[in-house]
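Written below as structure tokens is the structure these notes are about.
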Amino acid sequence: YDNNNVRNKTKFKANRTAEIVIDEHNFHAKDVDVDISATNGKGESVSISDYESYLQNSENWKKSGDKYTAKITYTAEANYHFQIKYTDLAGIKNNGVTYGKNTQAPEIFTIDKTKPTGAIKIGDWEEKWTGFPSAKEDNRSFGLWDKKTVQVTVASQDELSAIDYVEHFRSDRILSLNQVKQSNQWKKAALDRTGAFSYHVKPDERFVVYVHIVDKAGNERYLSSDG
């Protein structure tokens, strides 16, 4: 595999290309038996390329002596299960599969290229903050007021690879995204089973809530509330 940048044992946040090599003097592509399945976070089948037909087409293999090589690329976001077998003309099946020395999660893995989602809700205000404004669109201000204790609730979701962790802090300043990324105030949240957490802020405090959500594939999203 060209991409072995694994997280949490089986998660990847980019495409993977597998190079398959079969050593067989009397090679016939139609004798390649490959089983590749893909499902979403709910366990439902995901539409992927017809890898079986591709690998059973002799035009997709390159010959070098008795070695035949083909490449397949996984691009769809899904949970994958991969198996390959080969039976020669004498009916002899391959004895296992050898993977490259540094190969990670060759048979069961997830490709998730989508950022997790999340939202910040404060007190009784209807507005929810689901992202971080760009410098050109930043109109954050300290325009929200309440004379009572308010509850801050943060939700996080990632259907495919699941949430790895969420960290947060609050500040009395409106910070840029770069400032937020470099902050040493981050602390990990204790999430409930839905990926949410909440806490209370007493009156007379001026604050902005900052949140960093990371899924198990390493995709991340930053959130900022208004002040």
Side-chain angles (χ1 to χ4, degrees), residues 3 5-15 38-44 46 76-80 105 108-135 137-144 146 149-202 205-227:
N3 176 11
N5 297 318
V6 67
R7 286 178 62 105
N8 292 291
K9 298 182 179 180
T10 60
K11 314 297 183 185
F12 300 84
K13 64 175 183 178
N15 298 342
T39 58
N40 61 21
K42 298 178 181 178
E44 301 165 336
V46 172
E77 295 183 84
N79 298 309
Y80 286 92
I108 299 175
F109 57 92
T110 299
I111 292 180
D112 182 357
K113 299 178 283 187
T114 301
K115 292 181 179 182
T117 60
I120 302 170
K121 188 176 187 309
I122 300 176
D124 297 327
W125 289 288
E126 293 184 3
E127 184 172 4
K128 293 181 180 180
W129 295 273
T130 59
F132 205 106
S134 66
E137 299 174 341
D138 195 348
N139 57 6
R140 289 173 296 167
S141 65
F142 289 96
L144 303 177
D146 203 317
T149 296
V150 295
Q151 177 171 297
V152 175
T153 301
V154 177
S156 64
Q157 291 181 326
D158 190 278
E159 181 181 309
L160 186 53
S161 61
I163 296 297
D164 192 2
Y165 64 89
V166 177
E167 53 187 2
H168 66 106
F169 72 93
R170 63 181 189 269
S171 171
D172 61 358
R173 295 189 300 139
I174 294 175
L175 303 175
S176 68
L177 181 56
N178 284 337
Q179 289 174 316
V180 166
K181 289 180 177 181
Q182 294 170 12
S183 175
N184 60 6
Q185 300 181 59
W186 292 108
K187 54 184 179 181
K188 285 191 176 180
L191 305 178
D192 65 21
R193 59 187 300 179
T194 69
F197 71 96
S198 61
Y199 59 90
H200 293 86
V201 181
K202 295 181 179 180
E205 181 175 343
R206 168 186 165 112
F207 69 95
V208 178
V209 176
Y210 299 101
V211 176
H212 179 212
I213 304 171
V214 183
D215 69 19
K216 290 188 176 181
N219 302 296
E220 58 186 359
R221 184 181 296 275
Y222 287 89
L223 309 179
S224 171
S225 73
D226 209 340

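Here the structure is a predicted model, which means the values were calculated and not measured. Side chains are part of it too, since the values below use all heavy atoms of this structure and drop only hydrogens, waters and symmetry mates.
Note on ring orientation: taking the six-membered ring where Trp is involved, the planes of Y80 and F109 are parallel (angle under 30°, cut-offs 30° and 60°).
For the residue pair N178/S176, the side-chain donor-acceptor check at 3.5 Å is not satisfied. Side-chain atoms of Q185 and S171 form no donor-acceptor pair, as typed in the model, at a separation below 3.5 Å.
Salt bridge annotation for K11-D164: absent, with no cationic side-chain nitrogen under 4.0 angstrom from a carboxylate oxygen.
No donor-acceptor pair closer than 3.5 Å links the side chain of Y222 to the backbone N or O of V180. Side chain of N5 to main chain of F12: no donor-acceptor pair is present (N/O by atom type, distance under 3.5 Å, no hydrogens or angles). A distance-only check finds no donor-acceptor pair linking the side chain of N219 to the backbone of P116 [under 3.5 Å].
More than 12 non-hydrogen atoms from other residues, nucleotides or ligands lie less than 6.0 angstrom from NZ of K113. Open room surrounds NZ on K13; 12 or fewer heavy atoms of other groups in view lie less than 6.0 Å from it. For E167, the CD atom sits in a packed shell: over 12 heavy atoms of surrounding residues, nucleotides or ligands are nearer than 6.0 Å.
Here N40 pairs with E44 under the side chain to side chain donor-acceptor pair (under 3.5 Å) rule; sequence neighbours left out. The salt bridge (Lys or Arg N to Asp or Glu O under 4.0 Å) check on D124 picks up K148, with sequence neighbours excluded.
Remark: N79 CG to S161 OG distance equals 8.5 Å, nearest 0.5 Å. Rounding to the nearest 0.5 Å gives a distance of 12.0 Å between NZ of K216 and CG of D112. Put simply, CD on Q151 and NZ on K121 are 9.0 Å apart, with the number rounded to the nearest 0.5 Å. To the nearest 0.5 Å, atom CD of residue E77 and atom CG of residue N15 are 9.0 Å apart. One finds the CG atom of D138 at 7.0 Å from the CZ atom of F132 (value rounded to the nearest 0.5 Å). Atoms CD1 and OG, from I213 and S156 in turn, are 5.0 Å apart once rounded to the nearest 0.5 Å.
The two residues A105 and I108 come nearest to each other via the heavy atoms CB-O, 3.6 Å. Minimum interatomic distance between E220 and V214 (heavy atoms only, all atoms of both residues): CB-CG2, 4.1 Å. Nearest heavy atom pair, residue L160 against residue G41, reads CD1-N, 3.8 Å. In terms of heavy-atom proximity, T153 sits nearest to S198 at OG1-CB, 3.7 Å. Of all non-hydrogen atoms in P133 and S224, the two that sit nearest each other are CD-CB, 4.4 Å.
Looking only at side-chain heavy atoms (C-beta outward), V152 and V201 come within less than 4.5 Å of each other. Annotation: side chain of W129 is not in contact with side chain of L223 (no heavy-atom distance under 4.5 Å). Under the 4.5 Å side-chain criterion, counting only non-hydrogen atoms from C-beta, T130 is not in contact with R221.
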The test is side-chain contact (heavy atoms from CB on, under 4.5 Å); show your working for S183 and F169 and say whether it passes. CA-CA 9 Å; S183 175; F169 72 93; 3.6 Å; yes
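A ring pair (Phe, Tyr, Trp, His ring centres under 6.0 Å) with H168 is found for one member of F207, F197, W186 and no other, namely F197.
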